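This report refers to the structure that appears directly beneath it.
Atom set for the values below is all heavy atoms of this structure, side chains included, hydrogens, waters and symmetry mates excluded. What you are looking at is a predicted structure, and each value in this text was computed from that prediction instead of being measured. First the proteins, then the strands, lettered A, B, ... as listed; each starts at 1.
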Protein chains: 2
Amino acid sequence: MTRADTRIQKKNQAVILEAGLKVFSQYGFRGSTLDQVAEAAGLSKPNLLYYFRSKDAIYTALLAKLLENWLEPLRAIDPMGEPVDEILAYATRKLDMSQHFPRESRLFANEIIQGAPRIGEVLSGELRELVDEIAVVIDGWAAAGRIKPVDPYHLIFTIWSLTQHYADFDVQVRAILGDVDPFDGAATHLEAMLRGLLQPK
Amino acid sequence: MTRADTRIQKKNQAVILEAGLKVFSQYGFRGSTLDQVAEAAGLSKPNLLYYFRSKDAIYTALLAKLLENWLEPLRAIDPMGEPVDEILAYATRKLDMSQHFPRESRLFANEIIQGAPRIGEVLSGELRELVDEIAVVIDGWAAAGRIKPVDPYHLIFTIWSLTQHYADFDVQVRAILGDVDPFDGAATHLEAMLRGLLQPK
DNA sequence: CGTGGCTTTGACCAGTTGGTCAAATATTGA
DNA sequence: TCAATATTTGACCAACTGGTCAAAGCCACG
């Protein structure tokens, strides 16, 4: 069967996606070449194209995989939980992702900066709906006096921007901090910031 | 004289840089082509190369121009001023830059994400020194009880990340906010956040 | 074993890329 | 006005790009 995923197929597809992530996250789609991906994967170019129809197919597969992990933490916010804890947990989780999956973050950043040609619909569809739901929850918390009044959308942007900054601008952050590990101070700072913004007096 | 900058030279160099900014800020250096820049500039490709030695020269010229404007607001922070006002003024200025010069922000973001191959030294040199100086000032303010204790480096990262987010992730922000102007709420939110973080009770 | 399908590859292709160059065309100053 | 200079361009090039293909190697299973 041409269809069955043999062990070799599974392995090589994974190898190629790993290589694609490495290359695409640094140079973006247009700035990357199949030769680069092939080299990073340790496979020949025609061999890449035996497993994926095209350069585009590799990139698209990566984006699809990424989007799952990207949206999931948002869904994990519990409207029934303790507001400040919930938001803090979300922010911490995003920060962890930046620390442990910086290439995924950069892949996403590259795609967005370039105008999100392939995921624009997800952004204005699925993502927007999700954020709208969370916004209602946060507004509810504020109305109940459980957090200080805050614009939920910009609160979410704050969390996104700061956490992803440590992944996307890694080079700059490290250039400034020198030997200090960015993620040590980041977690503490993020918590202080969000508490200052949210915690009712 | 081949040297003299005639009116035509001045004008065409400016046209090319404007076109280069447009193209490079969206696709990054490697993802952009001279033909794209030429088309955006309304000039032929060989004509571009009459004014700039190479694709690289255009890009480098843009980066150099950008770095000036990028570092300048940091220098404008006045150690003698009122702490919260100074920091708020800096943040507001950065936000204004994101609003009015989003392409410059994206050009910078692209360069950093790709590992800052051309400006790495500026980051770990000039920029780092500048930030170190500001950090001392902020620490001084904190020690004097004029602001709450805060990690100055992560405070600066917070301001950078959030303000630049509105430029770099413009597509995503607008996808979520729909018709609402991002910069309306952003300014208010940014101020609230920084006051919550900094203002001594 | 051997054979049929899975996997890999070298050779190749057409289109694109950054860049060159000589010739043509504007522009300027005496 | 006209020649010297500045500007513009069409034609071209070698290197690189994503992608194809037929042939060769490899492997499991009868």
Do [X] and [Y] come close enough that some side-chain heavy atom pair is under 4.5 Å?
X: A/Leu88; Y: A/Leu198; value: no
X: B/Ser105; Y: B/Trp70; value: yes
X: B/Leu48; Y: B/Asn12; value: no
X: A/Thr158; Y: B/Met193; value: yes

Using whole Å, what does the distance between atom [atom2] of nucleotide [N] and atom [atom1] of [X] come to?
X: A/Lys10; N: C/dC6; atom1: NZ; atom2: P; answer: 15 Å
X: A/Leu34; N: C/dT17; atom1: CG; atom2: P; answer: 15 Å
X: B/Asp56; N: C/dT17; atom1: CG; atom2: P; answer: 17 Å
X: A/Phe52; N: C/dT8; atom1: CZ; atom2: P; answer: 13 Å
X: A/Lys55; N: C/dG15; atom1: NZ; atom2: P; answer: 18 Å
X: B/Tyr59; N: C/dG19; atom1: OH; atom2: C1'; answer: 20 Å

Short heteroatom pairs, N/O only, protein and nucleotides 9-16 of chain D, under 3.5 Å:
unit_1 : atom_1 : unit_2  : atom_2 : d
D/dT9  : OP2    : B/Ser44 : OG     : 3.2

Would you indicate, yes or no, if D/dA6 has its OP1 or OP2 atom less than 4.0 angstrom from a side-chain nitrogen or oxygen of B/Asn12? no

Indicate whether OP1 or OP2 belonging to D/dA6 is found under 4.0 Å from a side-chain N or O atom of B/Gln9. no

Once rounded to the nearest 0.5 Å, what's the spacing between atom CG of B/Asp151 and atom CZ of B/Phe157? 8.5 Å

After noting the C-alpha distance and the side-chain angles of B/Glu18 and B/Lys22, does the key distance pass the salt bridge (charged side-chain N to carboxylate O under 4.0 Å, His left out) rule? CA-CA 6 Å; B/Glu18 164 70 20; B/Lys22 179 176 176 178; over 6 Å; no

With a 6.0 Å cut-off (strictly less than), is the heavy-atom count around CD of A/Glu39, excluding the residue itself, greater than 12? no

So what does B/Tyr51 touch, heavy atoms closer than 4.0 Å: a base, only the sugar-phosphate, or nothing? sugar-phosphate

Would you indicate what B/Leu49 reaches in the nucleic acid, counting non-hydrogen atoms under 4.0 angstrom: base, sugar-phosphate, or nothing? base

Indicate the ring-plane relationship of B/Tyr59 and B/Phe29, choosing parallel, tilted or perpendicular according to the 30° and 60° boundaries. tilted

Can you tell me how the ring of A/His165 sits relative to the ring of A/Phe169, calling it parallel under 30°, perpendicular over 60° and tilted otherwise? parallel

Can you list, by residue number, the residues of residues 22-31 of chain A that have a non-hydrogen atom closer than 4.0 angstrom to DNA chain D? none

